[in-house]
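Proteins come first, then strands; the chains are lettered A, B, ... in the order of their sequence lines, and each starts at number 1.
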Number of protein chains: 2
Amino acid sequence: MATSTVENYLKEILVITLEESVSKVPMGQVARVLGVTPGTATSMAKSLERDGWIKYFPRVGVSLTRKGRKLAMNMLRRHRLLETFLVETLGLDWSEIHAEAEELEHAISEKVLEKLDEFLGRPRFDPHGDPIPSKGGVIQQLSSKPLSDFEKDAEIRIESIIDQDKEFLKFARKTKLVPGQRFKIIGKEDCADSITLKNSRGKEVNLGFRSAEKVLALPFES
Amino acid sequence: MATSTVENYLKEILVITLEESVSKVPMGQVARVLGVTPGTATSMAKSLERDGWIKYFPRVGVSLTRKGRKLAMNMLRRHRLLETFLVETLGLDWSEIHAEAEELEHAISEKVLEKLDEFLGRPRFDPHGDPIPSKGGVIQQLSSKPLSDFEKDAEIRIESIIDQDKEFLKFARKTKLVPGQRFKIIGKEDCADSITLKNSRGKEVNLGFRSAEKVLALPFES
DNA sequence: ACTATAACTTTGATTAGTCAAAATATTTTA
DNA sequence: TAAAATATTTTGACTAATCAAAGTTATAGT
């Protein structure tokens with residue numbers, strides 16, 4: 001059985017792999033996201049390889065084995081289901097749930113996780129709009145693009161907010177710029193670095209390109 | 001900050017202290033309930049004393065300091081609130097919740113615990129009928145007695161089931177012999193070692209003295 | 001192509017928690 | 001009360017996870 005330290009290493013390696021579409025994650029990055037010294041990450045890489053969780057390529061980086069990927073996917077599932085529970089059921093704030101789920105994900109059993117999934121109505125996306133892997137470890141990969149990549153008149157659905165900055169999240173919530181919401185791009189001025197959205201109730205929101213890059217969306221067929 | 005091992009030691013010491021109304025718990029018993037060798041318990045006792053959680057009396061036993069008792073009470077609160085959640089909200093079986101709560105109690109934050117308490121409607125008793133300590137660490141001590149101590153014609157309310165035997169718990173549930181239920185003792189035959197209860201709907205249950213000792217109840221004024 | 005810098009690995013040490021087995025103390029029993 | 005049984009402590013060893021600091025290798029810049 002994996003310790004929670006092992007679970008954390010594997011999950012973070014998976015997240016980087018998915019986010020940056022790379023096959024090997026360099027040790028420096030592993031050390032940074034886990035908040036340990038590089039030496040610690042290296043020695044951990046060796047034991048993770050010894051136990052068959054990852055492949056370690058000295059001076060290059062690490063990649064997950066099938067076994068490691070499976071466990072990491074399961075951790076991601078736990079994490080995102082817990083985040084959903086914390087927001088939907090207990091009403092915690094968006095900005096707090098990550099740290100909370102980080103702890104709980106190691107303690108919750110497969111059985112309780114199942115009950116929770118059922119209780120929540122088997123959600124497919126977490127409050128950030130990230131897909132929740134299925135029990136089998138399959139993750140729905142959507143080809144969402146930053147808002148700044150869409151053209152004028154496009155109809156879109158917000159998928160996720162990349163930035164974790166508190167102020168921006170607060171603004172996003174106030175303007176309903178949250179996962180699931182639908183908008184039409186009614187203005188786009190490349191030279192003025194500005195995008196204007198309108199939702200179905202006629203409310204308008206203005207974003208600079210810098211912010212628009214932090215908001216991922218999908219084209220939406222009405 | 002206390003590790004979860006420390007939390008476990010303190011909680012178990014508290015539970016024994018409460019259940020057996022003793023002031024010092026011998027090391028052998030500590031080792032047994034925690035599933036470690038006696039030597040481990042002894043060396044742990046020393047570090048717990050070093051960090052101010054307990055007082056260690058060599059060859060006699062350990063007792064909690066004020067600081068240790070406070071933390072242990074908090075663990076008990078976590079444990080019992082979680083058990084309540086697992087039964088009431090997720091519908092887990094009585095017999096499974098102890099082990100589950102045992103893991104989760106170390107991972108849940110004070111904040112989430114508060115939200116959970118609120119969500120559950122601030123329950124005062126867990127599914128076993130044991131009192132849930134308040135946030136300040138106060139525990140409601142009821143003077144419940146084993147069923148076998150009551151006389152004929154007494155009206156009682158079940159408080160808790162001491163035994164954790166699966167078969168007995170199953171029987172208890174089937175016959176509604178669970179915390180909160182009310183019964184009248186309609187027969188007691190000391191020589192035949194038997195007690196007969198009747199609930200408000202006229203259903204009768206027969207218990208031998210051995211079993212009646214496992215069921216704690218309170219006198220009930222109608 | 002050298003050198004300076006950045007990235008990575010090694011080495012040696014530390015802490016928490018554990019066990020097995022030997023040593024010691026206490027309690028029970030004959 | 002002396003021997004046997006039981007309870008507790010000590011000792012020595014081990015694993016997981018970590019850090020600091022020294023050593024090594026790769027990368028980039030002139």
Side-chain angles (χ1 to χ4, degrees), chain A residues 1-13 16-17 20 22-65 67-68 71-72 75 102-103 105-107, chain B residues 1-13 16-17 20 22-65 67-68 71-72 75 102-103 105-107:
Chain A
M1 246 284 298
T3 63
S4 57
T5 308
V6 168
E7 292 177 341
N8 276 334
Y9 274 81
L10 298 180
K11 190 190 60 175
E12 296 300 346
I13 292 167
I16 295 170
T17 306
E20 309 188 359
V22 289
S23 65
K24 296 189 187 74
V25 182
M27 295 321 296
Q29 203 170 357
V30 172
R32 192 155 31 74
V33 297
L34 283 155
V36 296
T37 60
T40 301
T42 298
S43 87
M44 194 61 191
K46 288 178 185 168
S47 10
L48 290 177
E49 178 163 64
R50 181 201 58 199
D51 298 340
W53 300 112
I54 65 172
K55 270 254 155 231
Y56 169 48
F57 306 91
R59 301 210 172 253
V60 179
V62 292
S63 65
L64 295 167
T65 61
K67 168 179 159 187
L71 179 54
M75 292 316 295
E102 202 71 12
E103 291 300 316
E105 67 192 15
H106 306 293
Chain B
M1 246 284 299
T3 64
S4 58
T5 309
V6 168
E7 292 177 341
N8 275 335
Y9 274 81
L10 298 180
K11 190 190 62 176
E12 295 301 345
I13 292 168
I16 294 169
T17 305
E20 308 188 359
V22 289
S23 64
K24 296 188 187 72
V25 182
M27 295 322 296
Q29 201 170 358
V30 172
R32 190 155 32 73
V33 296
L34 283 154
V36 296
T37 60
T40 300
T42 296
S43 86
M44 194 62 191
K46 288 177 185 168
S47 9
L48 290 177
E49 178 163 64
R50 181 201 59 198
D51 298 340
W53 301 113
I54 65 172
K55 269 257 157 224
Y56 168 49
F57 306 89
R59 300 212 172 252
V60 179
V62 292
S63 65
L64 295 167
T65 60
K67 166 180 160 187
L71 179 54
M75 292 316 295
E102 202 71 15
E103 292 298 317
E105 67 193 16
H106 307 293

- prompt: Just to confirm, is there a sub-4.0 Å distance from OP1 or OP2 of D:dT9 to any side-chain nitrogen or oxygen of B:Tyr56?
  reply: yes

- request: Round to a whole Å and report the spacing from CD of A:Gln29 to P of C:dT9.
  value: 14 Å

- request: Measure from CH2 on B:Trp53 to P on C:dG17 and round the result to the nearest Å.
  value: 12 Å

message: As a test of reading the structure: which of D:dT18, C:dT18, D:dT8 is closest to the side chain of B:Pro26, going by heavy atoms?
response: D:dT8

message: Applying a 4.0 Å non-hydrogen cut-off, can you work out what B:Gly39 is touching in the nucleic acid: base, sugar-phosphate, or nothing?
response: base

task: Could you tell me whether the phosphate oxygens of C:dG17, OP1 or OP2, come under 4.0 Å of any side-chain nitrogen or oxygen in B:Thr40?
output: no

message: Taking the side chain as everything from C-beta on, heavy atoms only, tell me whether A:Leu10 gets closer than 4.5 Å to A:Met75.
response: no

message: Contact between A:Val25 and A:Glu20 at the side-chain level, heavy atoms closer than 4.5 Å - yes or no?
response: no

task: Return the value, rounded to whole Å, for the distance between atom CG of B:Leu10 and atom P of C:dG17.
output: 11 Å

- request: Could you state the atom-to-atom distance from CG of A:Leu48 to P of D:dT15 in whole Å?
  value: 17 Å

- request: In whole angstrom, give the distance that lies between atom CG of A:Leu34 and atom C1' of D:dA17.
  value: 12 Å

task: Please tell me which of the listed nucleotides, D:dT9, C:dC19, C:dT10, lies nearest to the side chain of B:Val36?
output: C:dC19

- prompt: Within the pair B:Thr5 and C:dG17, is there a side-chain N or O less than 4.0 Å away from OP1 or OP2?
  reply: yes

- request: Could you tell me whether the side chain of B:Glu49 reaches within less than 4.5 Å of the side chain of B:Thr65, counting heavy atoms only?
  value: no

- request: Identify which nucleotide among D:dT18, D:dT24, C:dG17 has an atom closest to any side-chain atom of A:Arg59, counting heavy atoms from C-beta outward.
  value: D:dT24

- request: Using a 4.0 Å heavy-atom cut-off across all strands, classify B:Tyr9 as base, sugar-phosphate, or nothing.
  value: sugar-phosphate

- request: From the options C:dT9, C:dT18, C:dT10, select the nucleotide whose nearest atom is closest to the side chain of A:Lys46.
  value: C:dT10

message: With heavy-atom distances below 4.5 Å as the criterion, would you say the side chains of B:Trp53 and B:Ile13 are in contact?
response: no

- prompt: Can you check the B:Glu7 CD to C:dA16 C1' distance for me, whole Å?
  reply: 14 Å

message: What is the distance, to the nearest angstrom, from the NZ atom on A:Lys24 to the C1' atom on D:dA26?
response: 17 Å

task: Using heavy atoms to find the nearest nucleotide of DNA chain D for B:Pro58 and A:Met44 separately, return the residue whose nucleotide is more 5′.
output: B:Pro58

message: Any heavy-atom pair between the side chains of B:Leu71 and B:Lys11 that's under 4.5 Å?
response: no

query: Nearest of D:dT9, C:dT9, D:dT18 to any side-chain atom of A:Ser43?
result: D:dT18

Presence of B:Thr3 side-chain N/O under 4.0 Å of C:dG17 phosphate oxygens OP1/OP2: yes

query: So does A:Thr37 get a side-chain nitrogen or oxygen closer than 4.0 Å to the phosphate oxygens (OP1/OP2) of D:dC19?
result: yes

- prompt: When the distance from CZ of B:Phe57 to P of D:dT9 is rounded to whole Å, what number comes out?
  reply: 13 Å

Heavy-atom side-chain contact between A:Val62 and A:Leu48 under 4.5 Å: no

